[in-house]
Amino acid sequence: MSLGANEAMTVRTDASRSVVTLSRRKRTRYAWAYLFVLPQVVFFAAFTIYPIAMSYVYSFYEWSGIGPLEDSVGWSNFSELLRDPAFWNAFRNSLIYIGATAAILLPSSLLLALVLNRAVFRGKVFYRTVYFLPVVTAASTVGIVMKFIFGNENALVNGLLLKLGLLSEPVPWLGQAGTAMGVLVLVGSWKFFGMAMVYWLAGLQSLPGEAFEAARIDGAGSAQVLRYVTLPLLRPVAAVVLLLTVVNSMHVFDLVKTLTGGGPFYATETVDLYIYNYAFNTSGFPRIGYASAAGIVFGLAIFLLTLLLGWLVQASRERGERPRRAAAARGGGRE
Amino acid sequence: MRRLVARRGTNALLHLALLTFGALWVYPFVWMLFSSLKTNTEYIASGIRLLPESAQWSNFSRAWRVGHFSAYFANSAIVTAATVVIVVVLSALAGYALGRVRFPGARVLLAAFTATMFIPKGYTILPVYQLIKHLGLLNTMPGVILAESSGAHVLFILLYTAHFRSLPQELEESAEIDGSGFFRTFRQIMLPLSLPIVSTTVIMQFIWTWNSFFVPLIFTLNKPELRTLAVGMFSFTGENTVDWSGMAAGASISLIPVMVVFILFQRYFINGIAGSVKG
């Protein structure tokens, strides 16, 4: 490291024998660097910055997306939105989905990650592949396949439960509000489970080995190690996994659209479906301004939620530091 | 010794549990594959019986030809290949500049990219749609590709930046002494040293784009012949409400390529995902 720095310095002093060459070299490097970032910056400006700005502009207009943007309506899109029970229904559905998947996913995927992280355990890669497989499949196609598995009276789930004697007659899983949301949450969790597990595994592998060594020297059993060392040290990782799970659950459009279509009677309509229906509904008159307003309100809610979770990450990181330092100190004292 | 035996016992139990759950886990895919080989009447009558009486490969040829899956497959392949190339080139170039040159504005730029990480795509898609419409690319293949390549590619840029920053300074200097220019050093020395990262980004982007549904759906609403597999699958079920085995064959056609790619190259994909937690 220091050798490299020294060498770099020599080169630099060599070059700076004449100031002109140095600055020319630097200037060419800068020019190349700007050229290298230029395409990404253009994309970033056109497809990220501009759209963010424009969605605010649109939200103050009544606009179908065709013709000039001229019918300025002030805040009326927002006030209409906030008075629309259908929007709040979609908002609530999104929150239910986000909360329920997180509650199911976090503990279950941690459990599997802990098993796969055992020191002597064969077939880790095999199991990881099996449980990760749903992650790489298209959510939309999964939704269609699951619709056939749950939706049909004679199909898999009903057939299986009838045969096992757990049901006396077929249940219309996707035809009732409560069970439809249940199926949606279940399928969504199944699909994201492998991802959460890999996040946990990466977190587990980043834990300091000396804490475990110290605990073992102190004679802690594996249950005690889990309770007093692993879980407290994992707290910052848990916050990150929670954040990533929540961010993922905010966009269930593909799954909802294909599995339930938002039904029955809007029972599973989420905010992204609500926006889609206003912006791209082919049968009615598209309302780009109104849809943009809905996107902004939900976007702000998401932002506040991520801010809250980000604060949680920060707080747990600070709290996680303490046991880590204590464990390290204890391990050091033993030597 | 006794501890070893106990551990073996625990491991055996764990394997049993993991295998049982694992079978349940992939069962929907297995069911889908077998359903694609049944006749429609067999499908309705079979309930939980898995195996078809005789394999109906005609379901696949029917989906392929009559169900337009050959066209959907070609569209998916074109869109995915073009998007992968665009995104990987853009993020590798940006990551190289950000990782190796401390040019004025580099830190601001990196911060700006990162700040937009949590802005959901649904939030920006309406203006992107209008933008592509203004460019006259609505309902065209380049329009779909451009929309698919939009977004800030934050994860990839961060991966490339961290990687290029970690390469030793001496490499670049000795190349420079040998008379290699900035671009040639990047192309012939630095990039070949980055194959693992390139593979990671290629595989991840491949899987994301192949599976993408929302963007190709709205950008091909009025142009059925541009549909990708995911969108085609959706419209197929809308139009053929009684052709269940054709549906299962179509689902198999759309899911199998990505599963194969994942199983072959999963190391790269998993590394990329794990990188996003550590970062």
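Keep in mind that this is a model prediction, so the values were computed, not measured. Sequence lines set the chain letters: A, B, ... in the order given, protein chains first and strands last, and positions in each chain run from 1.
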* **Contact origin within B:Pro28 toward chain A - heavy atom pairs under 4.5 Å** => both
* For chain A, find which of B:Ile132, B:Asn211, B:Ile86 contributes the most heavy-atom pairs closer than 4.5 angstrom. => B:Asn211
* By ring pair (Phe, Tyr, Trp, His ring centres under 6.0 Å) - contacts of B:Trp210 (at least two apart) -> B:Phe73, B:Phe206
* So which of B:Gly250, B:Gly95, B:Gly181, B:Ala112 has the biggest tally of heavy-atom pairs under 4.5 Å with chain A? -> B:Ala112
* Structure fact -> Counting heavy-atom pairs under 4.5 angstrom with chain A, the leader among B:Leu98, B:Val89, B:Val87, B:Leu146 is B:Leu146
* Count the heavy-atom pairs under 4.5 Å between each of B:Ile157, B:Leu255, B:Leu93, B:Val128 and chain A, then report the option with the highest count. => B:Leu93
* Would you mind telling me which of B:Phe269, B:Tyr96, B:Trp208, B:Phe29 has the largest number of heavy-atom pairs within less than 4.5 Å of chain A? => B:Phe29
* Asked: Quick one: what part of B:Met233 sits under 4.5 Å from any heavy atom of chain A, side chain, backbone, both or neither?
  -> both
* Asked: Taking 4.0 angstrom as the limit, do B:Glu176 and B:Arg184 come out as a salt bridge?
  -> no
* Measure B:Leu19 against the heavy atoms of chain A and call it side chain, backbone, both or neither at under 4.5 Å. => both
* Region of A:Ala291 that comes under 4.5 Å of a non-hydrogen atom in chain B -> both
* To do: Tell me, for B:Val101 versus chain A, whether the close heavy atoms (under 4.5 Å) come from the side chain, the backbone, both or neither.
  => both
* To do: Go through the atoms of B:Ile270 and report whether side chain, backbone, both or neither lie under 4.5 Å from a heavy atom of chain A.
  => both
* To do: Can you tell which part of B:Phe262 gets under 4.5 Å to a heavy atom of chain A, answering side chain, backbone, both or neither?
  => side chain
* Asked: Which region of A:Asp272, side chain (C-beta onward) or backbone (N, CA, C, O), has a non-hydrogen atom less than 4.5 Å from a non-hydrogen atom of chain B, or is it both or neither?
  -> neither
* **Partner chain A: residue of B:Leu229, B:Leu131, B:Thr10, B:Val261 with the largest heavy-atom pair count (under 4.5 Å)** => B:Leu131
